[in-house]
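First the proteins, then the strands, lettered A, B, ... as listed; each starts at 1.
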Protein chains: 2
Amino acid sequence: MKHLLPLQYIDAVAKAGSIRQAAETLAITSTALNRRILAMEDELGVPIFERLPRGVRLSTAGEILVHHIRSQLSDMERVKSQIADLAGERRGHVSIACSQAMLPYFLPEQVSSYRREHSAVTFSILLRDRAAAEQSLIDMSADLALVFEPVRMLEFHNLLTVRQSVHAVMTKDHPLAGESQLRLRDCLQYPLALPTAHYGVRHLLETAVRSISGTLQPVVESDSFEFLGQHALAENILAFQIPIGLPDAKLRPELVNRPIDIRDVPPGSIYVGQLRGRALSVAAARFANQMIETFVERYDCN
Amino acid sequence: MKHLLPLQYIDAVAKAGSIRQAAETLAITSTALNRRILAMEDELGVPIFERLPRGVRLSTAGEILVHHIRSQLSDMERVKSQIADLAGERRGHVSIACSQAMLPYFLPEQVSSYRREHSAVTFSILLRDRAAAEQSLIDMSADLALVFEPVRMLEFHNLLTVRQSVHAVMTKDHPLAGESQLRLRDCLQYPLALPTAHYGVRHLLETAVRSISGTLQPVVESDSFEFLGQHALAENILAFQIPIGLPDAKLRPELVNRPIDIRDVPPGSIYVGQLRGRALSVAAARFANQMIETFVERYDCN
DNA sequence: TCAGCCTGCTGCAATTATTGCATCGCTATA
DNA sequence: TATAGCGATGCAATAATTGCAGCAGGCTGA
């Protein structure tokens, strides 16, 4: 849409931090970009950017404006999606910010399933820790968020809550593999592989361990669950994951997962949500519905 | 704002019903306007307007788009208002759709009072019956609505409710002027001046009269309360009004108003509200607050 | 200290987009 | 059947946008 090109330009400059860099990504000259921004500031009567020696930064007015711009851009996407929808086309784009556990199995399956019906719909899947996911909703870089144990939920409109208890993951040779359910204190006897502090699983474990006056002393710690899983497998140490992030037993027969007793580690929750007050595009709304249906028939929801 | 000129053009065409007429009001040639619309339709890939022999009409896609456009235009006004506000200026525009009773005393006083503090803020006061007022909120031609006995409230976010009982208005020579409170059946003995059917006061009276198996047979009926009042005065017949629309006794000593017993005619309510989900400009929000404060200290509110 | 680099900004010329005029074809109305 | 009003279009004039080259200013590292 041509008329909101100036808005996209401002958004790009805000993101890039300098006019020349933004011009590069926009594939126009810095001259043109600079003049459009000067023109907008002139129309508005207030500077949008503060000029710094190494570029520009949003002024207070600019921050208000950029927030409005992002909302307009995403609104226009929604309108285009609605219009395409009533023309019988099922097209559009869905952007999702999610916790790591959704990445290996759940979302790929969901996206494929959806795209089998509506192949003109495209997706962005953004890995965001639980604080960053909400931020992505706020700055409209994501339409939907799937977050395990969100931090704060002020701008978050919850569509569905799914309870998930923490599971320990190990090889089938691990001494604990024989138990059907594990106690936390038993797990602590063995070497652990843990995600870094800002992940939900770690948070739940930390809280649980503190309540029995213990400490978590992981052998490996990483923000990459890919790494954690592979390493745990190689060294035969304990890792942790929630059910939605666990492979099917048939798919990975060498891996064993066992729930940890909920008396030790209370279950956390996955929240499916969107930005409060924001209207979803047709595609995003349909995809959210599909996910919610899957959750409802597969897990413990409310 | 120049970048949303194309949007304003589409809005204007939708309102005018023909490109040539819209071009007239926009002070441009029909050629230019026509081509902008063709360009927009081309970008969108879908016709915005249906071409009729006598002009154009919004297509389904166009209706979605125009609704979005109006929301964008009003959002931009809000953003400009916010930016002006943080620059220390108290400027902006407030548009209010209201029932007739607000016009003679309440709103003039409120607007003057507000403009004494913030003279850069401008106002539009639109007289709308209770159905049209909500429509004005929906199409964003009004920021706020003050409606007596609204019809439906789906899109309406209520900020305050003020109860108002119906009063009979007459000259001090009228036979009923001696009573401190009137019964409906006594009123019906005298000639009546009534507003037309879609006004709230008429609605309340009709309902009340039906419940005592009577009928309302007004001597004069008008949608102009100005006329009703003057005529009632001249012929010395009964008119009806709610307290907020009544002059101060000192101001119009020849007029007498007496409440009708609430057992006969239940009190109606003034609703102060805005469009559900819409953010108000700084000026509109402040003005709404001022009104609400006045209501709370002066009338029976909740 | 000073050269190198990156920044936003601006005058001028070329390019591109927009506008207005005249006119066409169409349809409902009188 | 004539007419008036409508949207669409070719063409020329006009206005806006862009790109190039070059400016001054501040940070960075030798």
Task: side-chain hydrogen bond (donor to acceptor under 3.5 Å, both in side chains) partner of Asp143(A), the single match among Arg78(A), Gln274(A), Arg278(A), His93(A) - done: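 By the side-chain hydrogen bond (donor to acceptor under 3.5 Å, both in side chains) criterion, Asp143(A) pairs with just one of Arg78(A), Gln274(A), Arg278(A), His93(A): Arg278(A).
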
Open item on the list: Using a strict threshold of under 4.0 Å (side-chain N to carboxylate O), is an ion pair present between Asp129(B) and Arg202(B)?
Closed with: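 No.
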
Open item on the list: Base of dG5(D), side chain of Arg51(B) - is there a donor-acceptor contact under 3.5 Å?
Closed with: no

Open item on the list: Using only modelled atom types and a 3.5 angstrom limit, is any donor from either the side chain of Arg35(B) or the base of dG7(D) paired with an acceptor on the other?
Closed with: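 Such a pair does not exist between side chain and base.
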
Could you state the [atom1]-[atom2] distance from [X] to [N], rounded to the nearest angstrom?
{"X": "Glu41(B)", "N": "dG7(D)", "atom1": "CD", "atom2": "P", "result": "12 Å"}
{"X": "His3(B)", "N": "dT17(D)", "atom1": "NE2", "atom2": "C1'", "result": "18 Å"}
{"X": "Asn34(B)", "N": "dT9(D)", "atom1": "CG", "atom2": "P", "result": "8 Å"}
{"X": "Met40(B)", "N": "dT18(C)", "atom1": "CE", "atom2": "C1'", "result": "16 Å"}
{"X": "Ile37(B)", "N": "dT9(D)", "atom1": "CD1", "atom2": "C1'", "result": "15 Å"}
{"X": "Phe49(B)", "N": "dG7(D)", "atom1": "CZ", "atom2": "P", "result": "10 Å"}

TODO: Test Glu41(B) against every option in Arg35(B), Arg51(B), Arg36(B) by the salt bridge (Lys or Arg N to Asp or Glu O under 4.0 Å) rule and name the one that passes.
DONE: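 Checked Arg35(B), Arg51(B), Arg36(B) against Glu41(B); only one passes salt bridge (Lys or Arg N to Asp or Glu O under 4.0 Å): Arg51(B).
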
- [ ] Apply side chain to side chain contact (heavy atoms under 4.5 Å, CB included) to Asp11(B) and list each qualifying residue two or more places apart in sequence or on a separate chain.
- [x]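 Once residues adjacent in sequence are excluded, the partners of Asp11(B) under the side chain to side chain contact (heavy atoms under 4.5 Å, CB included) criterion are Lys15(B), Val66(B), Ile69(B), Arg70(B), Leu73(B).
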
Task: More than 12 heavy atoms of other groups within 6.0 Å of Glu24(A) CD - done: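 Result for CD/Glu24(A): open.
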
Open item on the list: Main chain of Ala283(A), side chain of Arg90(A): is a donor-acceptor contact present, judged purely on distance under 3.5 Å?
Closed with: no

- [ ] May I ask you to decide if Ser141(B)'s main-chain N or O and Ser95(B)'s side chain share a donor-acceptor pair within less than 3.5 Å?
- [x]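 Yes, because the side chain of Ser95(B) sits within donor-acceptor range (under 3.5 Å) of the backbone of Ser141(B).
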
Open item on the list: Let's see if you get this right: which residues in residues 8-33 of chain B place a heavy atom under 4.0 Å from DNA chain D?
Closed with: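 Contacting residues: Ser18(B), Ile19(B), Arg20(B), Gln21(B), Thr31(B).
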
Open item on the list: Counting only heavy atoms and a strict 4.0 angstrom limit, can you tell me which residues of residues 52-66 of chain B come near DNA chain D?
Closed with: Pro53(B), Arg54(B), Gly55(B), Val56(B)

Open item on the list: Which is more 5' along DNA chain C, the nucleotide nearest Lys2(A) or the one nearest Leu38(A)? Just name the residue.
Closed with: Leu38(A)

- [ ] Verify side chain to side chain donor-acceptor pair (under 3.5 Å) between Glu63(A) and His67(A), making sure each step is shown before the conclusion.
- [x] CA-CA 6 Å; Glu63(A) 289 193 13; His67(A) 183 263; over 6 Å; no

Open item on the list: Categorize Arg36(A) for me: base, sugar-phosphate, or nothing, with a 4.0 angstrom heavy-atom threshold over every strand shown.
Closed with: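 Here Arg36(A) touches the backbone only, sparing every base.
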
Open item on the list: Could you measure the distance from the OH atom of Tyr199(A) to the CG atom of Asp223(A)? Nearest 0.5 Å is fine.
Closed with: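 With rounding to 0.5 Å, OH (Tyr199(A)) is 5.0 Å from CG (Asp223(A)).
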
